[in-house]
Amino acid sequence: MPLLPNQLDAYARDGFVLISGLIPDASAAAAADAMWIAMDADPDDRTTWPEGYFQGLDDPAIVACYTADFLTAAAALSGHPRDSIGAPGGALAINIFPTADAWHMPNPHIDHAIKEHGHRTFPLPFRLATMTFLSDVPERGGGTAVWPGSHQRIEALAHSDEDKYEYMWALNQDMERAELGDPIVLAPSRGDVLFYQCLCAHSGSANKSDRPRLALNYKW
C-alpha cells in the first residue's frame, strides 16, 4: 500500500494529494529523456525548446511511469477496486517552458470543461486525474496551483441548479460563485505525483525558472 491513512484523509478533505517519490527516479529520468526526444529538443540548448508542449505520448519509458504502486494508489484514492484501474497505453505531456512574462496567480478551472466536447457534470466524467512530474519544480517554476476543498464547494454549486449546470463548461464559467478561497502553488520534485478529484479547481502557472517543467497527465 503506497499511501498512508493521512494521505487518504487529505485527498478526501482537500480534493487532491501530492505523493512524493511515487515514481522511481530512474524511471522518471528515463521518461524525461523520452520526452525530450519526442519534442525533438535538446535539454542543453534553449534555442531548440518550444514555447509549450501538449501532446499524447506512448513511448515505453512514459508508460513505465505507471507502476503497480501508482495504480494501487489510484485505486485507493478513487474508491474503486484495484482491477478497475488499468495501466494506460500512454499519457498527455503538459510541459511549461520558461517565460519572460510577469508571474501572477493563475485563474482556476476544472477539466473536461470545453463546451464543444459536451461533457455532462453528472455522473462525473472521470474518477480522478493525475499529474506526474518528470522534473524538479522550484518556486514559480510552473507548479500546479490547487484550491483546497474546492471540489466540495463546486459540487455544491452544481447541485444548486442541476439544469443550469448540466454541463461542465457551464459549471466552469460560474466557479467564482463557489467562493473557492485561496490557492496554493505546489513545488513538486521529479517522481512526485499529484492526484486530484474531478471537481478540484486547479491551474498551471507561469514558469519563471531557467528550466522547463515536464509533466504527464492521465485520468481514469
Side-chain angles (χ1 to χ4, degrees), residues 10-11 13-20 32 35-36 39 41 43 46-55 91-117 119 126 128-158 165 167-219:
Y11 183 76
R13 180 189 67 241
D14 297 332
F16 68 88
V17 66
L18 182 69
I19 307 299
S20 298
M35 183 91 76
W36 283 107
M39 293 189 295
R46 188 164 179 161
T47 65
T48 68
W49 297 358
E51 292 184 2
Y53 189 78
F54 305 86
Q55 184 67 46
L92 178 65
I94 303 181
N95 300 337
I96 302 178
F97 285 79
T99 179
D101 296 340
W103 194 93
H104 60 84
M105 190 64 71
N107 294 321
H109 71 268
I110 51 176
D111 289 342
H112 281 32
I114 297 174
K115 186 174 183 178
E116 292 76 13
H117 293 177
H119 290 290
F126 59 89
L128 85 163
T130 58
M131 287 288 290
T132 302
F133 296 93
L134 303 182
S135 60
D136 293 336
V137 184
E139 184 179 359
R140 298 193 175 184
T144 301
V146 282
W147 277 255
S150 58
H151 64 304
Q152 297 171 344
R153 299 183 184 98
I154 294 172
E155 183 173 3
L157 175 63
Y165 300 122
Y167 292 96
M168 292 284 280
W169 66 265
L171 184 60
N172 189 67
Q173 284 188 334
D174 266 10
M175 278 200 301
E176 72 279 358
R177 296 185 58 195
E179 299 182 359
L180 300 182
D182 296 326
I184 60 173
V185 182
L186 303 174
S189 299
R190 184 171 72 181
D192 293 357
V193 179
L194 170 66
F195 295 85
Y196 61 95
Q197 295 192 14
C198 181
L199 296 180
C200 176
H202 64 283
S203 182
S205 65
N207 184 352
K208 296 295 295 179
S209 75
D210 59 358
R211 299 294 300 172
R213 189 216 72 177
L214 308 180
L216 300 168
N217 184 269
Y218 190 80
K219 301 177 178 69

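Worth saying up front: this structure is predicted, and the values here are computed from it rather than measured.
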By side chain to side chain contact (heavy atoms under 4.5 Å, CB included) - contacts of [X] (at least two apart):
X: Tyr167; result: Arg120, Trp169
X: Glu155; result: Phe122, His159, Leu199
X: Pro183; result: Met105, Trp147

In short, salt bridge (charged side-chain N to carboxylate O under 4.0 Å, His left out) pairs touching residues 183-196 with sequence neighbours left out are Asp25-Arg190
To the nearest 0.5 Å, what is the distance between [atom1] ([X]) and [atom2] ([Y])?
X: Thr144; Y: Ile96; atom1: OG1; atom2: CD1; answer: 6.5 Å
X: Asn95; Y: Arg213; atom1: CG; atom2: CZ; answer: 7.0 Å
X: Leu194; Y: Leu128; atom1: CG; atom2: CG; answer: 10.0 Å
X: Cys200; Y: Asp14; atom1: SG; atom2: CG; answer: 8.5 Å
X: Ile110; Y: Met175; atom1: CD1; atom2: CE; answer: 6.0 Å
X: Glu179; Y: Leu157; atom1: CD; atom2: CG; answer: 10.5 Å

Can you establish whether the number of heavy atoms outside Glu176 located under 6.0 Å from its atom CD is more than 12?
-> yes
Minimal heavy-atom distance between Ala113 and Asn172, with the atoms involved, is CB-CB, 3.6 Å
For Leu216 and Ala93, the nearest pair of non-hydrogen atoms, with its separation, is CD2-CA, 4.2 Å
Report yes or no: does [X] contribute a side-chain atom to a donor-acceptor pair with the main-chain N or O of [Y] at less than 3.5 Å?
X: Ser135; Y: Leu214; value: yes
X: Arg211; Y: Pro43; value: yes
X: Lys208; Y: Asp101; value: yes
X: Ser203; Y: Ala145; value: no
X: Asn217; Y: Thr130; value: yes

### Query
Is there side-chain contact between Tyr218 and Thr132, with at least one heavy-atom pair below 4.5 Å?
no
Using a 4.5 Å cut-off on heavy atoms from C-beta on, say whether the side chain of Tyr53 contacts that of Pro212.
no
Suppose we screen for side-chain hydrogen bond (donor to acceptor under 3.5 Å, both in side chains). Which residues come up paired with [X], at least two apart in sequence or across chains?
X: Asp136; value: none
X: His202; value: His109, Asp111
X: Asn207; value: Ser209
X: Arg153; value: none

Please identify each residue that fulfils ring-ring contact (aromatic ring centres under 6.0 Å, His included) with [X], with sequence neighbours left out.
X: Tyr165; answer: none
X: Phe16; answer: none
X: His112; answer: His119, Phe126

Could you walk me through whether Leu186 and Val137 pass the side chain to side chain contact (heavy atoms under 4.5 Å, CB included) check? CA-CA 8 Å; Leu186 303 174; Val137 184; over 6 Å; no
- Task: Step by step, work out the side chain to side chain contact (heavy atoms under 4.5 Å, CB included) result for Cys198 and Lys219.
- Result: CA-CA 9 Å; Cys198 181; Lys219 301 177 178 69; over 6 Å; no
Test side chain to side chain contact (heavy atoms under 4.5 Å, CB included) on Tyr11 and His151; report intermediate values, then the result.
CA-CA 10 Å; Tyr11 183 76; His151 64 304; over 6 Å; no
Hits for salt bridge (Lys or Arg N to Asp or Glu O under 4.0 Å) against Arg46, two or more places apart or cross-chain, chain-then-number order -> none
Phe97 and Trp36 aromatic ring geometry - parallel, tilted or perpendicular at 30°/60° bounds
perpendicular
